[in-house]
Amino acid sequence: MKIVVLAKQVPDTWSDRKLDLVTGMLDRAASDPVPDEIGERALENALRYKDANPDAEVVVLMMGPEDTSKSLRKLLSMGADSAVLVEDPALVGSDMVQTARVLAAALQKIGADLILAGNESTDGRGGVVPAMVAELLGLPLLPALENLEITPELVSGVCQIDGGTLALESPLPAVVSVTERTADARFPNFKGIMQAKKKPLDTWSLANLGIQAGPEAASVRSVMVSAVERPAKQSGPKITDDGTAAEQLVDFLTSNKLI
Ligand SMILES: Cc1cc2nc3c(=O)[nH]c(=O)nc-3n(C[C@H](O)[C@H](O)[C@H](O)COP(=O)(O)OP(=O)(O)OC[C@H]3O[C@@H](n4cnc5c(N)ncnc54)[C@H](O)[C@@H]3O)c2cc1C
């Protein structure tokens, strides 16, 4: 069984995240790049299967800028067998359609019985890349699973919908996305960190995948037209109870259309 985990690198949510207001792109110097936590959870699900089935192979796939080796080594130190980074100057400013096309091409080259992804990244939060990848590869999608069970033939799990719970199942190969309610990711141990230094980490360009990207190659494409920084938070009004606090509170909620 070969499981490929789609893992994105994102700016650390604990640090200051900034957009470059001129290019509309992430200011990479403003925050530490880390593997997205949801990708770590997807990896954890793959590693739990591998713990019980040592013959299984777990590959991490990332599309991103060149400074990803620290993130990829962390995922390798958790227990992935190998990693592939797709990196190319033509990928600057990629939208979700292009990202899915590139990931699908890389997945075809790697070959996978099961593809595990996060349901939504913590920075872009588009929430559609796994579905697009499934569509491009002609595979079933089990979206937003909160737990999953993998067997050599099947993947199954449960997802929440409004007012209920769905139990889903698909034969392999399939694409699965998981939510943050699924498996807590393990911490790399010393042995894992040492082993990770020697594990294969390949970098592929678009030429290696035999595809093109960028404005000329895209038949459809969304572009960022402007970027505006979120205004700084202002402190709200303080209500001192002089006997009219309840009234003041109701006035405040009413004037802000909260009730
Ligand atoms: C303005 C802008 C500039 C960008 N510049 C670049 C750039 O220079 N270089 C570049 O490589 N990309 C670039 N991107 C692409 C971007 O980083 C995302 O990968 C892409 O837009 C997916 O969006 P999302 O995170 O909202 O996807 P979602 O659908 O929210 O992601 C869901 C899941 O899909 C998987 N996934 C998503 N993206 C990736 C990925 N990149 N690699 C592996 N798995 C993934 C993960 O499992 C993730 O949890 C840019 C995007 C924008 C909007």
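Indexing begins at 1, ligand by ligand and atom by atom, following the structure's order.
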Ligand 1 to Val128, heavy atom cutoff 4.0 Å, flagged ligand atoms 29 (O)
The closest protein heavy-atom partner of atom 23 (O) of ligand 1 is Met96 CG, 3.4 Å
heavy-atom search around atom 26 (O) of ligand 1 in the protein gives Gly126 N, 2.6 Å
Would you say Gly93 has any N or O atom under 3.5 Å from an N or O of ligand 1, going by distance alone? yes
Give me the atom names and distance for the closest heavy-atom approach of Ser156 to Leu142. CA-CD2, 4.2 Å
Show your reasoning for whether side chain to side chain donor-acceptor pair (under 3.5 Å) applies to Asp251 and Thr254. CA-CA 5 Å; Asp251 286 349; Thr254 313; 5.3 Å; no
Check: of Met63, Arg41, Met224, min heavy-atom distance to atom 42 (N) of ligand 1 comes from Met63
In a check of side-chain hydrogen bond (donor to acceptor under 3.5 Å, both in side chains) between Thr244 and each of Asp242, Asp241, Thr240, which one passes? Asp242
Hey, is Thr99 touching ligand 1 through its side chain, its backbone, both or neither, going by heavy atoms under 4.0 Å? side chain
Answer with yes or no whether Gly127 contacts ligand 1, where contact means a heavy atom under 4.0 Å from a ligand atom. yes
Test item, Leu91 contacting ligand 1 (heavy atom, 4.0 angstrom): yes
In this structure, atom 47 (O) of ligand 1 is nearest to the protein heavy atom Leu6 O, 2.7 Å
Tell me which one of Ala90, Ser94, Ser121, Ala227 gets a heavy atom nearest to atom 51 (C) of ligand 1. Ser94
Touching ligand 1 at all, Ala42? Heavy atoms, strictly under 4.0 Å? no
Are the side chains of Arg186 and Asp51 in touch, meaning some heavy atoms are under 4.5 Å apart? yes
For Val4 and Ala112, the nearest pair of non-hydrogen atoms, with its separation, is CG2-CB, 3.5 Å
Would you name the heavy atoms of Ala213 and Leu206 that are closest together and state the gap between them? CB-CD1, 3.4 Å
Within the side chain of Lys2, is there an N or O that forms a donor-acceptor pair under 3.5 Å with the backbone of Ile110? yes
Would you mind telling me which of Lys199, Lys198, Lys50 makes a salt bridge (charged side-chain N to carboxylate O under 4.0 Å, His left out) with Asp81? Lys50
Evaluating non-hydrogen atoms only, which member of Glu87, Lys8, Gln9 is closest to atom 17 (O) of ligand 1? Lys8
Between Val34 and Ser71, the two heavy atoms sitting closest are C-OG, 3.5 Å
To which of Ile115, Leu43, Val129, Ile38 does the heavy atom nearest atom 27 (O) of ligand 1 belong? Val129
Please report the closest heavy-atom contact between Ala106 and Val86, naming both atoms and the distance. CB-CG2, 4.0 Å
Please check whether Arg125 reaches ligand 1 - meaning an N/O of the residue sits under 3.5 Å from an N/O of the ligand, judged on distance alone. yes
Find out if a path of hydrophobic residues (ILVMFWY) with successive side-chain heavy-atom gaps under 4.5 Å connects Leu91 to Met62. no
Look only at interatomic distance and state if Ala117 has a nitrogen or oxygen under 3.5 Å from any nitrogen or oxygen of ligand 1. no
Part of Ala7 within contact of ligand 1 (heavy atoms, under 4.0 Å): backbone
Taking N or O atoms only and a 3.5 Å limit, does Gly118 qualify as a polar contact for ligand 1? yes
Determine whether the side chain, the backbone, both or neither of Leu103 has a heavy atom under 4.0 Å from any heavy atom of ligand 1. side chain
Which residue owns the protein heavy atom closest to atom 8 (O) of ligand 1, what's the atom, and how far is it? Val92 CA, 3.2 Å
Step by step, work out the side chain to side chain donor-acceptor pair (under 3.5 Å) result for Thr182 and Asn147. CA-CA 5 Å; Thr182 191; Asn147 56 49; over 6 Å; no
Under 4.0 Å between a Lys/Arg side-chain N and an Asp/Glu carboxylate O for Lys8 and Asp123? yes
Ligand 1 atoms in contact with Gly64 (distance to a heavy atom under 4.0 Å): 11 (O)
Under 4.0 Å from a heavy atom of Leu61: give me the atoms of ligand 1 that qualify, with their elements. 43 (C)
Polar contact flag for Pro65 and ligand 1 (N/O pairs, less than 3.5 Å): no
